[in-house]
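No experiment lies behind these values; they were computed from the predicted model shown.
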Amino acid sequence: MQEQALQYFRGVVGDSYVLTGANDLETYGRDWTKIFPPKAGVIVLPASTEQVVKIVKYCAANKLALVRHIVFRRSVTVPCPSNCGSTTR
């Protein structure tokens, strides 16, 4: 994941809500079927609609793919590297 993108996400949601550790990428990046291996570059945990909008707009402008998950009633936005493949799961 690009450092510029990570800094932007941290500015939107705060350092504690941008996860890049291997365990976090494995845990949050895997879908419910556990068939597809995770390929997430970062996990972003937005707390508001406004934060989601900023993240989605940034990713669209910078051609970063997104996968949306709901974890414990909280939306998790997972920007993928450019080789992530399909974003529908």
ask   = So Val18 and Val42, side-chain contact (heavy atoms from CB on, under 4.5 Å) or not? Walk me through it.
value = CA-CA 7 Å; Val18 177; Val42 61; 3.5 Å; yes

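- Checked against the 6.0 Å centroid criterion, the rings of Phe9 and Tyr58 qualify as a close aromatic pair.
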ask   = Would Leu19 and Thr27 count as a side-chain contact (heavy atoms from CB on, under 4.5 Å) if you check the C-alpha gap in whole Å, the side-chain angles of each, and the deciding distance to 0.1 Å?
value = CA-CA 11 Å; Leu19 311 177; Thr27 300; over 6 Å; no

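- With rounding to the nearest 0.5 angstrom, the OG1 atom of Thr20 is 6.0 Å from the CZ atom of Arg10.
- The two residues Ile55 and Pro46 come nearest to each other via the heavy atoms CD1-CB, 4.0 Å.
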request  = Walk me through it: do Tyr8 and Lys54 pass the test side-chain contact (heavy atoms from CB on, under 4.5 Å)?
outcome  = CA-CA 10 Å; Tyr8 179 82; Lys54 288 179 181 179; 3.6 Å; yes

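- In this structure, Gln51 contributes its side chain and Val12 its backbone to a donor-acceptor pair below 3.5 Å.
- Between atom CG of residue Leu64 and atom CG of residue Leu66 there is a gap of 7.5 Å, rounded to the nearest 0.5 Å.
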